[in-house]
2 protein chains.
Amino acid sequence: MVHKRKSNSLSTVSANPVGGDASSPTTRRAKAAGRSITVKDIAAEVGVSITTVSNVLLGKEGTYSPETGEKVKECARRLGYRRNNLARSLVRQRSQTLGVLLEERFNFSHPENQYFVGVLQGFLQEAARRRYQVKIVMQANPPSDEIISAVDDASIDGLAAVVLSPDNALFGWFDHARLPVVLVGCETRSPKASSVDVDDYESLGELIEQAWSLGHRRFALVTGENEHGALSERERAFSAHVGGRRLDGGAPLVLRCDMEGHKADEILRELAKLSAAKRPTILVCANDLIAVSIVRQASAHGLRVPEDFSVTGFDGFAVGDWCTPRLATVRQPLSRIGAKAAEILIESLENPGAAPIQHAVLPGRLLLRESLAAPSGASA
Amino acid sequence: MVHKRKSNSLSTVSANPVGGDASSPTTRRAKAAGRSITVKDIAAEVGVSITTVSNVLLGKEGTYSPETGEKVKECARRLGYRRNNLARSLVRQRSQTLGVLLEERFNFSHPENQYFVGVLQGFLQEAARRRYQVKIVMQANPPSDEIISAVDDASIDGLAAVVLSPDNALFGWFDHARLPVVLVGCETRSPKASSVDVDDYESLGELIEQAWSLGHRRFALVTGENEHGALSERERAFSAHVGGRRLDGGAPLVLRCDMEGHKADEILRELAKLSAAKRPTILVCANDLIAVSIVRQASAHGLRVPEDFSVTGFDGFAVGDWCTPRLATVRQPLSRIGAKAAEILIESLENPGAAPIQHAVLPGRLLLRESLAAPSGASA
DNA sequence: CTGAAAGCGCTTACAG
DNA sequence: CTGAAAGCGCTTACAG
């Protein structure tokens, strides 16, 4: 790899922020012993007690004289003191750290995982804002008992569990955990754990109302396998919102695809067989992947979107941006979900008075794009 | 949100794994005092010393009798003992936790951020495999001094810095950090910090060789703004690999786009003006976003890919999968990068004998897809 | 095989 | 304003 041209020196070298005064006997001794500078070192160097050092470092105004304060701060700076937060957490009985539990199927290259990732981002940001650190715990599949040790080891003060599987083995534990837990994006509700989720039901209602007002009267639902509980709420919402309306041709079609849209081809084949008068004017898909697969493969079956039928997704992932026509869908407020999860944890940690359990339901946002249009010949 | 149908009970409730024997006086006392079960509680309950409890719990065979071992383990289980790893880390002087430093521009919805995300995934997996926990630290923009406190507080044993900006303010610190640091995906090399990066130079060479063998003789590079150092290595690689060849029409064209491909339109307008005999037969783009933008907008300018020219990307992000024709590109082995970073840290932590600094360069993989084809009328 | 004791690096009443 | 002391929950020589 000789040809790899990399600059061999650092482009930025700021003043050495640690290590401090290398010539101080204290520093030298500490370094030689391979240990860090501690409050004890500072106390010795300045000639005060460690109590005073601690008080100064914690900024407990009034408990020390200005001169002492100056001397201690200067010394800390000079010696390159860094607080050991392990020790601090141990005595304070809180680590100022939040945990995020992820299932291992967190395979990022997959669009679905924008969910994890968007949530994580919001969580990280809110945690940072409130001065909490964040630890990530991956739950292996199948889950081992170790996972509880990883989560219940005093290293985190609260846990956001981003568990999409309704049958996650940890649900029993969540319920008895002695740290606050917030369940993110799963259907399950527990009286002992908080939750943050999106109002799929409401959003799907808005989507269908929008389609209706455009003139759609023949709806079909394209959903995934039944086994996977994740889409069942969307299916229920579809039935409920479409059910009450006077449709053309009776009950809406329900087409079974798979979560990833691999079977879109089969579904399109069936649809192509239908006469235009029988064919649904809109395919409401239970997630973006299904919808995008339909959109992409429609032309191969001689079907045009949205001329022959409209297609809508659900999730608002980036794939919908990258297909033609762009996908109309419902965007989940991912980073807000994450931020809300962090907020709930921090609130329950810092306001012992507040309600310890909160169930937040966030609204999705309709993204009206080209894959949704009035049906051909509609008299909306 | 009354209509939100959520099952109101948990679908899985496993046997209570913590809390244990609620009737034990020890447990009750601990719970009443709001504190956890400790080795001291077990020692008292069983009637042995905490040393023995610790020895049993640590599995130090030979230091305790089988009967004592059984009693202690049983008791720990019964009381729902959980080790406090803060205390353990404090005495062992290592937290068994690795840190990942991310720049705040980590905005996940953006394809570029598959980089962060893919790396993170590999890192998490490798860390879990080696029984390390992972802490995420976001570096705000502009970076504040606090970031060092967050990273240098004894809560992590090593740090993987996923910093794309070559001018990150932390480079000075990385160099003097007392914990092992591995720089991920940045061009900078330091003698004091390890690094993991991809061999863009080599990969681009393979790509160009492939194009050459298909018959391409008129190359153009489409790259981003110059200010951003991130693409400069790819630009150098392009010049070097194309430079030595006998091209049609002299030196290759270099077209300035932007990192996101927003200016693809302007570039296509210029290309459309060229006669087919003058036009490049292949556009080598410095990243996927640029390439995809070109592919998507080409038809609006009456240009077809790959008939009028081939287009190649660089990165291997998912966007390239979702455009038509699919993008030929170089896939970075993202999760392997992350895994390698974790591996380097863990090695240097656990084998004090091994070389403390390692510079790993991983190969990219050519993804030959439809946007790259032989030029029309080529006599390759 | 077992245990008393020291100590990791802090914070926090408490006494002066 | 300052400091001696206890203690957070562990692990680890060390002595028996």
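Just the heavy atoms: all of them, side chains too, but no hydrogens, waters or symmetry mates, feed the values below.
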Spacing between [X] atom [atom1] and [N] atom [atom2], to the nearest angstrom:
{"X": "B:Q96", "N": "D:dT11", "atom1": "CD", "atom2": "C1'", "value": "15 Å"}
{"X": "A:D153", "N": "D:dC8", "atom1": "CG", "atom2": "P", "value": "19 Å"}
{"X": "A:I50", "N": "D:dG7", "atom1": "CD1", "atom2": "P", "value": "15 Å"}
{"X": "B:Q93", "N": "C:dA6", "atom1": "CD", "atom2": "P", "value": "19 Å"}
{"X": "A:R88", "N": "D:dG9", "atom1": "CZ", "atom2": "C1'", "value": "18 Å"}
{"X": "B:I42", "N": "D:dT11", "atom1": "CD1", "atom2": "C1'", "value": "15 Å"}
{"X": "B:K71", "N": "C:dC1", "atom1": "NZ", "atom2": "C1'", "value": "13 Å"}
{"X": "B:R82", "N": "D:dC10", "atom1": "CZ", "atom2": "P", "value": "12 Å"}

Any idea which of [options] is nearest the [X] side chain?
{"X": "B:S49", "options": "C:dC10, C:dA4, D:dT12", "answer": "C:dA4"}
{"X": "B:R83", "options": "C:dT12, C:dC1, D:dT11", "answer": "D:dT11"}
{"X": "B:S54", "options": "D:dT11, C:dT12, C:dC10", "answer": "D:dT11"}
{"X": "B:V91", "options": "D:dC8, C:dG9, D:dC10", "answer": "D:dC10"}

(request) Stems involving DNA chain C: give each as a range paired with a range, ordered by first number, where a stem means at least three consecutive Watson-Crick or G-U wobble pairs under 3.5 Å. (result)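 In DNA chain C, stems of three or more pairs: C:1-3 with D:14-16, C:5-12 with D:5-12, C:14-16 with D:1-3.
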N or O in side chain of [X] less than 4.0 angstrom from [N] OP1/OP2:
{"X": "B:S65", "N": "C:dT2", "result": "yes"}
{"X": "B:T68", "N": "C:dT2", "result": "yes"}
{"X": "B:K60", "N": "D:dT12", "result": "yes"}

(message) Go nucleotide by nucleotide along DNA chain C from the 5' end; which of B:L90 and B:T52 gets its closest nucleotide reached first?
(response) B:T52
(request) Using the closest heavy atom to pick a nucleotide of DNA chain C for each, name whichever of A:L58 or B:Y64 lands nearer the 5' end. (result) B:Y64
(message) For a quick check of understanding: with a heavy-atom distance under 4.0 Å over all strands, which category does B:S89 fall into, base, sugar-phosphate or nothing?
(response)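 Nothing, no heavy atom under 4.0 Å.
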(request) Name the nucleic acid region contacted by A:T63, choosing base, sugar-phosphate or nothing; use a 4.0 angstrom heavy-atom cut-off, strictly under. (result)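 The answer is base, as A:T63 lies within the cut-off (heavy atoms under 4.0 Å) of a base atom.
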(request) Spell out, as yes or no, whether a donor-acceptor pair under 3.5 Å connects the side chain of B:T52 to the backbone of B:I50. (result)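 Checked: no pair found.
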(request) Would you check if the side chain of B:S89 reaches a backbone N or O of B:N85 as a donor-acceptor pair within less than 3.5 Å? (result) yes
(message) Between B:T51 and B:S54, do the side chains contain a donor N or O and an acceptor N or O under 3.5 Å apart?
(response)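 Looking only at side-chain atoms, B:T51 and B:S54 do not form any donor-acceptor pair under 3.5 Å.
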(request) Supply the atom-to-atom distance B:D153 CG to A:S36 OG, rounded to the nearest 0.5 angstrom. (result)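 If I round to the nearest 0.5 Å, the distance is 11.0 Å.
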Do [X] and [Y] touch side chain to side chain, with heavy atoms closer than 4.5 Å?
{"X": "B:V181", "Y": "B:D175", "answer": "no"}
{"X": "B:S335", "Y": "B:F123", "answer": "no"}
{"X": "B:I156", "Y": "B:L98", "answer": "no"}

(request) Just jot down the side-chain hydrogen bond (donor to acceptor under 3.5 Å, both in side chains) partners of A:Q96, sequence neighbours excluded, or say none. (result)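 A:Q96 satisfies side-chain hydrogen bond (donor to acceptor under 3.5 Å, both in side chains) with no residue once adjacent residues are dropped.
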(request) Would you kindly compare B:L86 and B:T51 by the position of their nearest DNA chain D nucleotide and give the one closer to the 5′ end? (result) B:L86
